Amino acid sequence: MRVAIIGGGYVGLVTGACLADLGHNIEIVEIDKKKVDAINSGTPYLFEEGLEALLHNHAGKDLMASSSYDAVAGADISMICVGTPPDASGQADLTFVREASKSIGKALRDATGNPCVVVKSTVPPGTTDGLVRDTVLAESRGGDILFGMNPEFLREGRAIHDFFHPDRIVIGGSEPELFERVANLYRKIDAPVIRTRPAEAELIKYVSNAFLATKISFSNEIGNICKKMGVDVYKVMEGVGLDKRVGREFLNAGVGFGGSCFPKDVMALIRFAERLGEDPTVLKSVMQVNDTQPRRIISLLEERIGTVHGKRIAILGLAFKDNTDDIRDSRAIPVIQMLLERGAAVSAYDPLAMPSMKKIFPMIHYGESPESVLMNADACLVMTEWPEFSRLDHEFDLMNQRVIIEGRRILTTSATEGICW
Ligand code: NAD
C-alpha cells in the first residue's frame, strides 16, 4: 500500500520505517527540512534500537521523506502523526493536527478514488470525527474521504519491537472500507484487532496511559508508606503483582513518570473530563503524587547531607527512561532545577541524553562517564534505570562520602537507599 505519514517525529519515523519493512511504500511528510534530509540519507536523528538498520534497508527506496504534501493525493492512507503537546492549561493543543488536516485537505482537492485519512496522534475524543473531518472536507471542498483513528501504543526505547509485537491494534472508524484498509496495513502482524468508533479509539489511548500512570503513582504512594515502615515496597509489589488481576508491570515505585506521553495525556484527560462537567479526582491524585516525588528525593537528600548549598551532587541518568535520548518531562529536570535553586553544584552523566539536557541546563557540568561525575561528589542521585548503572560498584568510592539515593531501583552495589525503599 502507499502510505503518506504526516509528521516524521518519534511515532511517524518509527511507524514509517516499520511499515516499509512490512512491504508498504512510505512517504513521510515532514515540515522540518533537517529531518527530511536525515531520513532520505538514512540517518536516524533520534535513538531507537533497530531504527538505524531499518533506515539503512529502506531509506531512499520504499521510505522517502519530503516537505511537500504531494504524496497525499496518491496515497491509500494518509496517517497523521504530528505532535499534540499540552497548552498552558494542560489541554491537548491541536494546532499541528489542524494544520496537517488543512494541508491534507488541500492536497486532496483534485484527488480521485477513495482517499483515507487516519489519525495516529493522541487526540481528545471527538477530534477525528470533528476537527480533522471538518477541516479536511472544508479544504478539499468535499469528496468521498474515509476517516479513521488508529492510536499508537509504542514505548520509546522499545518502539520497533512494540510495532511488530503489539498487544492489540485498535481501529476506530465508521465505514467497513476504512476498517478493511487500515487492517490491511497490519495484515502481517499477529495481534488482536479491535474495531471501534473513532471516539472510542481516541479514548482507549488516553485511558491506557492514564491507567498505567495510575499504577505508577499508586505504587509510589505505597512506596512512600513502606519507606516509613522500613518495609521493601518491591517485595510487596512482587507479591501483589503476581495476582493476574493486578499484573506486575508498572508497579515499580520511584521518582515518578515522565516522557512525552504520560504527564501530558493524563492532564489532557483531566481537562477533557472537566469540560464534560466531571471532577476526575483519581486522575488529579495521579498527577499530584507524580509532582511530589521529585520534591521527596530532594528532601531525603537534605535529611542525609544537610543543606545542599555549595555541595557537589552527581546525577546519574537524565533521559526519562532507559534506552532513549528523550528527556521530555524527565523527572531529572525538576530535580536538577531544585538543586540549582538551592545552590548545589550539579554534575550529570547519561549515556544518550546529555546533548538534549545541555539545551535546558547549559550551566551544569556534564561528565563523560559515571566516574567523572562521582569523583568528589557529596551525594549521588540515580534518576534513570540505565542497565549500565547496575554494574557500578567501586566507582562510588570516588565520592567524598557514600550517600547514594536511587529514584529508580537499578543499582546492585551495597549501602544505597531508594526514594521509596
Ligand atoms: P514529535 O514532536 O516527535 O513529532 C511530530 C513531528 O511532526 C515533528 O517532527 C514535527 O516537525 C512534525 N510536524 C508538525 N506539524 C506538521 C505538519 N503540519 N506537517 C508535517 N509535519 C509536521 O511527536 P511524537 O512523539 O512523534 O508524537 C506524535 C503523536 O503521537 C503525539 O500525539 C503523541 O502524543 C503520540 N504518541 C507518542 C508516543 C511517543 O512515545 N513519543 C507514543 C504514542 C503516541
Side-chain angles (χ1 to χ4, degrees), residues 4-18 27-39 44-48 51 65-72 78-87 90-107 117-124 127-128 131-132 135-136 139 149-163 166-167 169-170 201-202 204-210 212-213 257-269 319-321 323-330 356:
I5 305 263
I6 318 302
Y10 269 91
V11 169
L13 180 57
V14 167
T15 305
C18 292
E27 174 129 348
I28 293 180
V29 179
E30 169 56 60
I31 48 174
D32 182 337
K33 290 245 165 29
K34 277 195 214 129
K35 290 183 182 173
V36 169
D37 292 343
I39 296 169
Y45 51 82
L46 51 90
F47 178 80
E48 200 51 67
L51 183 61
S66 165
S67 287
S68 134
Y69 273 71
D70 288 351
V72 166
S78 295
M79 191 173 266
I80 299 178
C81 297
V82 298
T84 48
D87 70 9
Q91 283 192 80
D93 179 346
L94 298 176
T95 308
F96 296 128
V97 174
R98 185 179 292 107
E99 287 307 313
S101 303
K102 269 190 199 168
S103 304
I104 291 172
K106 279 183 196 147
V117 178
V118 170
V119 178
K120 195 173 254 309
S121 300
T122 303
V123 292
T127 304
T128 303
L131 180 140
V132 173
T135 310
V136 171
E139 292 293 337
M149 164 71 198
N150 171 222
E152 180 53 62
F153 300 103
L154 61 79
R155 293 166 300 173
E156 280 184 27
R158 291 144 186 91
I160 308 269
H161 172 272
D162 287 354
F163 181 93
D167 290 338
I169 292 165
V170 176
E202 290 161 336
I204 286 170
K205 174 64 192 173
Y206 276 111
V207 175
S208 297
N209 275 358
L212 296 174
F257 55 80
S260 68
C261 290
F262 283 9
K264 94 169 165 65
D265 290 350
V266 177
M267 270 316 296
L269 187 55
F320 84 92
K321 63 194 275 198
N323 224 18
T324 180
D325 58 357
D326 197 343
I327 58 159
R328 288 181 280 185
D329 254 322
S330 165
S356 315

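Read the numbers this way: they start at 1 and go in the same order the structure lists the ligands and their atoms. Owing to the predicted nature of the structure, the values given are computational and were not obtained by experimental measurement.
- A salt bridge does not link Asp32 to Lys34: none of the charged nitrogens lies less than 4.0 Å from a carboxylate oxygen.
- Shortest contact from atom 42 (C) of ligand 1 to any protein heavy atom: Cys261 SG, 3.7 Å.
- Among Lys264, Lys102, Glu152, Arg155, the residue whose heavy atom lies nearest to atom 34 (O) of ligand 1 is Lys264.
- Of the candidates Ile28, Val14, Thr84, Ile6, Thr84 brings a heavy atom nearest to atom 31 (C) of ligand 1.
- Glu30 and Ser67 form no side-chain donor-acceptor contact under 3.5 Å, judged by distance and modelled atom types alone.
- The protein non-hydrogen atom at the shortest distance from atom 41 (N) of ligand 1 is Glu156 OE2, 2.8 Å.
- Of the protein's non-hydrogen atoms, Glu30 OE2, 3.4 Å is the one closest to atom 10 (C) of ligand 1.
- Remark: the Ser330 side chain and the Lys321 side chain contain no N/O donor-acceptor pair separated by less than 3.5 Å.
- Residue Asp326 does not touch ligand 1, judged by heavy-atom distances below 4.0 Å.
- Among protein heavy atoms, atom 14 (C) of ligand 1 sits closest to Ile31 CD1, 3.7 Å.
- Shown here is Tyr10, whose OH atom has more than 12 heavy atoms of other residues, nucleotides or ligands within 6.0 Å.
- In this structure, atom 7 (O) of ligand 1 lies nearest to the protein heavy atom Gly7 CA, 3.4 Å.
- Close approach to Leu154 involves these atoms of ligand 1, each under 4.0 Å from a residue heavy atom: 40 (O), 42 (C).
- Contact annotation for Ser260 and ligand 1: only side-chain heavy atoms (C-beta onward) come within less than 4.0 Å of the ligand.
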